[in-house]
Amino acid sequence: MQQQYPFKEIEQAAQAYWDQNQSFVASEQSDKPKYYCLSMFPYPSGRLHMGHVRNYTIGDVLSRFHKMKGFNVMQPMGWDAFGLPAENAAIKNNTAPAKWTYENIEHMKTQLKQLGLGVDWNREIATCKPEYYKWEQWLFTELFKKGLIYKKTSTVNWDPVDGTVLANEQVIDGRGWRSGALVEKRDIPQYFMKITAYAEELLNDLDKLDGWPEQVKTMQRNWIGKSYGCEVEFPIVGQSGNLKVYTTRPDTLMGATYVAVAAEHALATLAAQSNPKLAEFIAECKRGSVAEADVATAEKKGMDTGLFVTHPLNGEQLPVWVANYVLASYGEGAVMAVPAHDERDFEFANKYSLPIKAVIKQSDTDNLPMTEHGILFGSGEFSGLNFEQSSDAISAALNAKNLGKKRTQFRLRDWGISRQRYWGCPIPIIHCEKCGEVPVPADQLPVVLPEDVVMDGVGSPIKKDPSFYETTCPTCSGKATRETDTLDTFFESSWYFARYASFDANQMCDERANYWLPVDQYVGGIEHAILHLLYARFFNKLMRDVGLIQNDEPFTNLLTQGMVLKDGSKMSKSKGNTVDPQALIDSYGADTARLFMMFAAPPEQSLEWADSGVEGANRFLRRLWKAVYEHVELGEIAAYTTGDLSAELKAIRLQLHLTIEKVADDYGRRHSFNTAISSVMELMNALAKIEATDVLTRSVRQEVLQNVTLLLSPIVPHICQALWAELKPNSHILEAIWPLADKTAMVQDEVELVLQVNGKLRGSMVISKQMAKLAIEQLAITQPCVTKFLVDNATVRKIIVVPNKLVNVVIG
RNA sequence: GCCGGGAUGGCGGAAUUGGUAGACGCACGGGACUCAAAAUCCCGCGUUGGCGACAACGUGGGGGUUCGAUUCCCCCUCCCGGCACCA
């Protein structure tokens, strides 16, 4: 054993050993309970970033910990390989997206291996490979046949100069990121998945997910957004037909003073035909991006259409306005406006001098808008009713006139999956003039995306490639064209968890998926709390309903890792504030990088990156190395089992076994890796103070070092493998099991109680653990730190004893 | 704008169920070792007052509940994540 800590040799040797012995290859043949630990797979952007290091270290710690606890562990890894950045890089570097992607994968795989992850690389997948996307094309065709995928027009960002569709990310302040042109909203036909058909189940099953953070479930509930309200129809004055709106506040109907429709609404289009100014306003509304954040923060603007509708209950005529704050995609794309009781309506009514009519009594202030529920007034027959009563009565009145009814509404919209981009999975549809949209038959799958292409920056190469799009109709054999749109990349990441389980199956997934699924522990960034996690849950249910898997939910436990920030914002290439973990690994080794990452912050919290502190993690490993070196230099010795110990040795054994319990709890239940590490540091600090080298002391030291090595091995596996080999030359740490705390070492008969006077810390006293409450009280009020406050007629009013913690003497 | 989080020393963080605020580490200061430096080891380290014992203040701001609040409740500020075509 070397005196200095040779991290490079240690890490290379450990990683070579794991490779040669296939140490982390998972098998379905096992008597042990299975543990499927999945980390969100990376986008192969080129190099590992700190977020990856954090994510995959967390997953690896949990995997290795559970392996030691006796589980049959699978930890796979792969590549979320389709996506926009490959196209941008290809244009910039004059290469093909595929080549760029495969080179990135190769490099990042080397980096991941250097991190020392206990991954079963046999199961590696890359979503851009035909053997992967073949199966999602197959699922697409099945869902298309079932009507769960359909086509409709929807709105995209259109760059009129480049002539391309832009992602929301590519729209900066309403302009195209390359051309600088003002972006326009444009309607184009696209494929949609009917996720709304599963809205109810996606909502209800959240209640089953006890292993998910409450905040994620809350976000998903709000995103699905089930609301109970009422549809109300306003007959259009001078025309046939009604304007339908949806409201969650039917109780405020008698306070409606106008109605507002989205710029895209049919009534707006109709009114604009004879009103050029309105047409210009609607065109103005159609400028800017489609992103909801942009729409919602835009200045509220509107224009009167000149049309009127009739209030369904009081018969008043209300003006119809076009308003940019009305979302075309929610409800009916039209709202009844009640300025007295809605923030946005209030602001809008003030701006355009529209009437404001209060119909709900104020609770405590006179300020409008008053958006809380309350008792109605000025509402005719409904006055005096509360929210529930008036909602019922008003919907009944609407029902009687056939102008409305109660309705539940979801905020969730169907998922648009078409992308007008090249680097994605081709949509397996053939357009035939005679037969219409024909799904590609299973025996003709996959529809392979050509990889040898030239990206000229103007549109997708396959849209200009007849050898791709020219084909024949599978039904009538006539001339036909392939769909040239590709799938949203969320499509690939929505089912990869099932593919890992049956990575080489000649179908989407086989029985092995039912062995491994659901994933026992999923680890990934909090930024995926809604979209990815909702789509994956949706896909799981789709795959269940086509008979591929049995479980209802894909992820039993979810750990949402916080962001790695630098200078206050997310580390990202575009912001140019990245710190390259490779430098860290090169100069300190993977164990230091892993230790520091786990020590710097609890996993769910965002982590503000600071370069200092890495040195401290490395220093700890050097001290650990040195402690073991100095110990084994004196010869082999068995760990302590029996024998009378000094108070000092009893104390260190007490601390050791308390630490074993704490670390197990911190890894397994709390996922609090930072406190696990600090408790081991404290133990090592205490051990360092013991200098004797007699046999008994050395046996206790052996016991401590052996256990410390086991406790730390999930976090710093390389050094622990090497240290274990020194401490126990005839065994291997991968065969070692997780230590059990020795209860007999943890018996304490005395305890220190904190003494408070009126809640303020004044001292402490050491008592026997058996001491009765009354005796504790008697003892406490005789302590000098308490009696010195018993002057000037002060008397003891009350004594509060918290067992094993404190005594609070209340004096008055 | 809407939804979900967060704020504790110079810094990262700890305090697990309302019970000792600042564990552990970083940085910094002092000392030992050294010709010297690095490394290592020892000591100190919230603020203010005090030689000291000790005392007062202190967990983003304001209010409340409680014997006791970083923790629970109400209001506010700032920061972070998401908002359906970044992944």
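Lettering follows sequence order; numbering is per chain, from 1.
Atom NZ of A/K805 is surrounded by 12 or fewer heavy atoms from other residues, nucleotides or ligands within 6.0 Å.
Across all strands shown, B/A23 has no partner, as no Watson-Crick or G-U wobble contact with both distances under 3.5 Å is found. With a 3.5 Å ceiling on both atom-pair distances, the Watson-Crick or G-U wobble partner of B/G49 is B/C54. Pair assignment for B/G44 gives B/C28, based on Watson-Crick or G-U wobble hydrogen-bonding distances that are each under 3.5 Å. B/G81 is paired with B/C3 under the criterion used here, namely a Watson-Crick or G-U wobble arrangement in which both key atom distances are under 3.5 Å. Remark: B/C35 base-pairs with no nucleotide; criterion is Watson-Crick or G-U wobble with both hydrogen-bond distances under 3.5 Å.
Within the 4.0 angstrom heavy-atom criterion, base atoms lie near A/H528. Among the atoms of the strands shown, only primed sugar atoms or phosphate atoms (P, OP1, OP2) are found under 4.0 Å from some heavy atom of A/V810. Using a 4.0 Å heavy-atom criterion, one finds that A/E608 contacts no nucleic acid atom at all. Across all strands shown, A/S418 has heavy atoms under 4.0 Å from base atoms, whether or not it also approaches the sugar-phosphate. Among the protein residues, A/E527 comes within range of the nucleic acid bases, having at least one heavy atom under 4.0 Å from a base atom. Looking at heavy-atom distances under 4.0 Å, A/E343 makes no contact with the nucleic acid at all. No contact: A/G562 has no heavy atom under 4.0 Å from any strand. If you check every strand for non-hydrogen atoms under 4.0 Å, A/A291 touches sugar and phosphate atoms only. In this structure, A/D666 reaches neither bases nor backbone, as no heavy-atom distance under 4.0 Å exists between it and the strands shown. No engagement by A/I799 is indicated, since no non-hydrogen atom pair under 4.0 Å with the nucleic acid exists. Nucleic acid contact class of A/T297 (heavy atoms, under 4.0 Å, all strands): base. Among the heavy atoms of the strands lying under 4.0 Å from A/Q190 is at least one base atom, whether or not backbone atoms are also near. Heavy atoms of A/A600 sit under 4.0 angstrom from primed sugar atoms or phosphate atoms, though from no base atom. Using a 4.0 Å heavy-atom criterion, one finds that A/R344 contacts no nucleic acid atom at all.
The aromatic rings of A/W625 and A/Y5 sit tilted relative to each other, their planes meeting at an angle between 30° and 60°. Below 30°, between 30° and 60°, or above 60°: for A/Y43 and A/W100 the angle between ring planes is between 30° and 60°, a tilted geometry. Under the 30°/60° scheme for interplanar angles, the aromatic rings of A/H528 and A/H532 are found to stand perpendicular. Using bins of under 30°, 30° to 60° and over 60° for the plane-to-plane angle, the ring pair A/W495/A/Y132 lands in the parallel bin.
In this structure, A/L761 atom CG and B/C54 atom P are separated by 11 Å, rounded to whole Å. One can place CG of A/N618 at 12 Å from P of B/A39, the figure rounded to the nearest angstrom.
Closest approach to the A/M563 side chain among B/G81, B/C24, B/A87 is made by B/G81 (side chain taken as heavy atoms from C-beta onward). Side-chain proximity of A/A293 to B/A55, B/C83, B/U16: nearest is B/C83. Side chain of A/N808, nearest nucleotide from B/C85, B/G19, B/C86: B/G19. Side-chain proximity of A/A296 to the nucleotides B/C86, B/G1, B/G19 is greatest for B/G1. Closest to the side chain of A/P85, from the set B/C24, B/A87, B/U20, is B/A87. When distances are taken from the side chain of A/R762 to each of B/C24, B/A56, B/G82, the shortest belongs to B/A56. In this structure, the nucleotide among B/C85, B/C80, B/A55 sitting nearest to the side chain of A/R421 is B/C85. When distances run from any side-chain atom of A/R619 to the nucleotides B/G82, B/A27, B/G81, the shortest one goes to B/A27. In this structure, the nucleotide among B/A15, B/G81, B/U20 sitting nearest to the side chain of A/L806 is B/U20. Listed candidates were B/A14, B/C83, B/A39. Nearest to the side chain of A/L531 is B/C83.
Residues A/T155 and A/S606 each lie close to RNA chain B; by heavy-atom proximity, the contact nearer the 5' end of the strand is made by A/S606. Taking the nucleotide of RNA chain B with the nearest heavy atom to each of A/Y535 and A/N674, the more 5' of the two is matched to A/N674.
Annotation: B/G63 and B/G9 have their C1' atoms spaced 26 Å apart (nearest Å). Comparing B/C11 with B/G64, their P atoms sit 30 Å apart, to the nearest whole Å. The C1' atoms of B/A69 and B/C74 are separated by 15 Å, rounded to the nearest whole Å. Taking atom C1' on both nucleotides, B/G61 is separated from B/C67 by 27 Å, rounded to a whole Å. On the C1' atoms, B/G46 is 15 Å away from B/A23, given to the nearest whole Å. Comparing B/A15 with B/G25, their P atoms are spaced 16 Å from each other, to the whole Å. Nucleotides B/U16 and B/G29, compared at atom P, are 34 Å apart to the nearest Å. Here the separation of B/C51 from B/A36, taken at their C1' atoms, is 38 Å to the nearest Å.
Between the side chain of A/K760 and the base of B/U20, no donor-acceptor pair under 3.5 Å is found. At a cut-off of 3.5 angstrom, counting only N and O atoms as typed in the model, there is a donor on one side and an acceptor on the other between the side-chain of A/R669 and the base of B/U16.
Counting only distance, with no hydrogens or angles, the side chain of A/N157 and the backbone of A/K185 share no donor-acceptor pair below 3.5 Å.
Contact annotation: A/R411 side-chain N/O to B/C2 OP1/OP2 distance is not under 4.0 Å. Taking 4.0 angstrom as the limit, A/T489 places a side-chain polar atom (N or O) nearer than this to OP1 or OP2 of B/A87.
By the rule that a glycosidic angle within 90° of 0 means syn, B/G6 does not qualify and counts as anti.
When A/W415, A/F410, A/F538 are each tested for a ring pair (Phe, Tyr, Trp, His ring centres under 6.0 Å) with A/Y198, only one passes: A/F538.
Aromatic rings of A/F491 and A/Y535 (six-membered ring for Trp) have centroids beyond the 6.0 Å cut-off, not under it.
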